[in-house]
Amino acid sequence: MFNFFKKNKAPTRQLSEPTDLVVGDMLTLIDSFAYPQWLKGETLRVVAVNTYQYQHSAEYEMVLESNSGQVVFLQIGQEDGEQWANFSIKIQREDVDDIFTLDEFSLIFDEESLTQITVANIPERFSQFLATSYTQTQASFICYFHEKDYRGQSLPQYEQPGTEACEMICLASNDGNHSLNIEIWDGGETDVSLTLTRPLSDIVELFPGSD
């Protein structure tokens, strides 16, 4: 009889699409050997959302962290009504040398033609993230990186405080299931990422963060 004295609780936020994930939300991956042990069946928390701005479009990168503190980057790819999940990990210079050899890898920076590169060695810890060869899909291009989530907002002018420009070089496997992405920043600092492309259905649960 005293229910009318109770405060109305705000409805719990619902999550139905991975593209709606924000900082604090979590997702769970399928328990599949398509992923390394530290990712299969893992629940990951979104710790940041970044924006890559191109000439006529933008892509959004979710930074995911496991319970053990390991980081993987997620971008949701979309084309012709289809969606898929691109999971990326960054590798170090010594890993590049181990996987490709630095001499072979340096061929990517030859601007005379698009490059094909062959993997020399597949370390066990990277096996799910590696193809046996990659082909450059287009000429290198410039994009702008914002350490901010611009979904649902107008994109800013390219040059502004807090924005970093980088040169992007993208290579892909013949089957499209793996990619090799290189970001060259001002001053020559270079980030190299291995990307595994999987069905979006591999994300089996979504959990909204605490309000």
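Worth saying up front: this structure is predicted, and the values here are computed from it rather than measured.
Note that CD of Gln55 is 11.5 Å distant from CD1 of Ile142, once rounded to the nearest 0.5 Å. With values rounded to the nearest 0.5 angstrom, Thr190 atom OG1 is found 10.5 Å from Trp185 atom CH2. The CD1 atom of Ile108 sits 11.5 Å away from the CG atom of Leu114 when rounded to the nearest 0.5 Å. Here the CH2 atom belonging to Trp84 is positioned 10.5 Å from the CG atom belonging to Leu200, to the nearest 0.5 angstrom. One distance of note links CG of Leu206 with CG of Asp20; it measures 8.5 Å at 0.5 Å rounding. Leu102 contributes atom CG, which lies 3.5 Å from atom CG of Asp97 (distance to the nearest 0.5 angstrom).
A 4.5 Å side-chain heavy-atom check between Leu130 and Ile99 finds at least one atom pair inside the cut-off. Two residues are said to be in side-chain contact when any heavy atoms from C-beta on lie closer than 4.5 Å; Cys170 and Phe141 meet this criterion. The shortest distance between side-chain heavy atoms of Phe109 and Ile169 falls below 4.5 Å. Side-chain atoms of Asn67 and Glu42, non-hydrogen and from C-beta on, do get closer than 4.5 Å to each other. Counting heavy atoms from C-beta on, the side chains of Val46 and Leu64 come closer than 4.5 Å.
Counted by atom type alone, Gln78 and Gln83 present one or more donor-acceptor pairs between their side chains at under 3.5 Å. Side-chain contact of Glu167 with Ser140: a donor-acceptor pair under 3.5 Å is present, judged by distance alone. Of the N and O atoms on the side chains of Ser88 and Thr195, at least one donor lies less than 3.5 Å from an acceptor on the other residue. If you check the side chains of Asn50 and Glu61, you find a donor sitting under 3.5 Å from an acceptor. Side chains of Ser179 and Asn181: no donor on one and acceptor on the other come within 3.5 Å. Counted by atom type alone, Ser133 and Thr118 present zero donor-acceptor pairs between their side chains at under 3.5 Å.
Ion pairing of Asp95 with Lys90 is absent here, as no side-chain N (NZ or NE/NH1/NH2) approaches a carboxylate O to less than 4.0 Å.
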Thr115/Thr135 under side chain to side chain contact (heavy atoms under 4.5 Å, CB included): CA gap, chis, key distance, verdict
CA-CA 6 Å; Thr115 302; Thr135 301; over 6 Å; no
For Thr163 and Phe145, run side chain to side chain contact (heavy atoms under 4.5 Å, CB included): C-alpha distance rounded to whole Å, both residues' side-chain angles, the deciding distance at 0.1 Å, then the answer.
CA-CA 6 Å; Thr163 298; Phe145 175 80; over 6 Å; no
Could you go step by step and tell me if Arg93 and Asp98 meet the salt bridge (charged side-chain N to carboxylate O under 4.0 Å, His left out) rule?
CA-CA 9 Å; Arg93 179 184 174 88; Asp98 188 20; over 6 Å; no
Can you check side-chain hydrogen bond (donor to acceptor under 3.5 Å, both in side chains) on Thr101 and Asp103, steps first, answer last?
CA-CA 5 Å; Thr101 77; Asp103 287 342; 5.7 Å; no
Leu196 vs Asn86, test: side chain to side chain contact (heavy atoms under 4.5 Å, CB included). Steps then yes/no.
CA-CA 6 Å; Leu196 170 67; Asn86 294 320; over 6 Å; no
Could you walk me through whether Ile182 and Phe105 pass the side chain to side chain contact (heavy atoms under 4.5 Å, CB included) test, one step at a time?
CA-CA 11 Å; Ile182 303 163; Phe105 193 76; 3.6 Å; yes
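The two residues Pro156 and Gln53 come nearest to each other via the heavy atoms O-NE2, 3.1 Å. Residue Met62 comes nearest to Pro18 through the heavy atom pair CE-O, 3.2 Å, listed as atom of the first residue, atom of the second, then distance. Nearest heavy atom pair, residue Ser154 against residue Tyr150, reads O-CD2, 3.7 Å. Val49 approaches Val23 most closely through the heavy-atom pair N-CG2, 4.1 Å. Residues Ala172 and Thr137 share a closest heavy-atom pair of CB-CG2, 3.8 Å. Here the shortest heavy-atom pairing between Val119 and Asn121 reads CG1-O, 3.3 Å.
For Glu124, the CD atom is loosely surrounded, since the number of other residues' heavy atoms within 6.0 Å does not exceed 12. For CG of Asp186, the number of neighbouring non-hydrogen atoms (other residues, nucleotides, ligands) closer than 6.0 Å is 12 at most. Heavy-atom contacts from other residues, nucleotides or ligands closer than 6.0 Å to CD of Glu82 number 12 or fewer.
Hydrophobic clustering (ILVMFWY, side-chain heavy atoms < 4.5 Å, transitive): Val47 and Val72 are in distinct clusters. Both Leu15 and Leu29 belong to a common hydrophobic cluster when Ile, Leu, Val, Met, Phe, Trp and Tyr are linked at side-chain heavy-atom distances under 4.5 angstrom. Residues Val71 and Ile91 fall into different hydrophobic clusters, defined by Ile, Leu, Val, Met, Phe, Trp and Tyr side chains chained together at heavy-atom separations under 4.5 Å. Hydrophobic cluster membership differs between Phe73 and Tyr60, with clusters built from Ile, Leu, Val, Met, Phe, Trp and Tyr side chains linked at under 4.5 angstrom. Leu39 and Phe207 fall into different hydrophobic clusters, where Ile, Leu, Val, Met, Phe, Trp and Tyr side chains are chained together by heavy-atom contacts under 4.5 Å.
Between the side chain of Arg151 and the main chain of Thr19, a donor-acceptor pair closer than 3.5 Å is present. Side-chain atoms of Gln136 come within 3.5 Å of backbone atoms of Gln138 as a donor-acceptor pair (strictly under, hydrogens ignored). Here the side chain of Arg45 pairs no donor or acceptor atom with the backbone of Met26 at under 3.5 angstrom. Here the side chain of Asp25 pairs a donor or acceptor atom with the backbone of Val22 at under 3.5 angstrom. A donor-acceptor contact shorter than 3.5 Å is absent between the side chain of His146 and the backbone of Glu164.
In this structure, Tyr54 and Tyr52 have parallel ring planes: the angle between them is below the 30° cut-off, well short of the 60° mark. Classified by interplanar angle (parallel below 30°, tilted 30° to 60°, perpendicular above 60°), the ring pair Tyr35/Phe87 is perpendicular.
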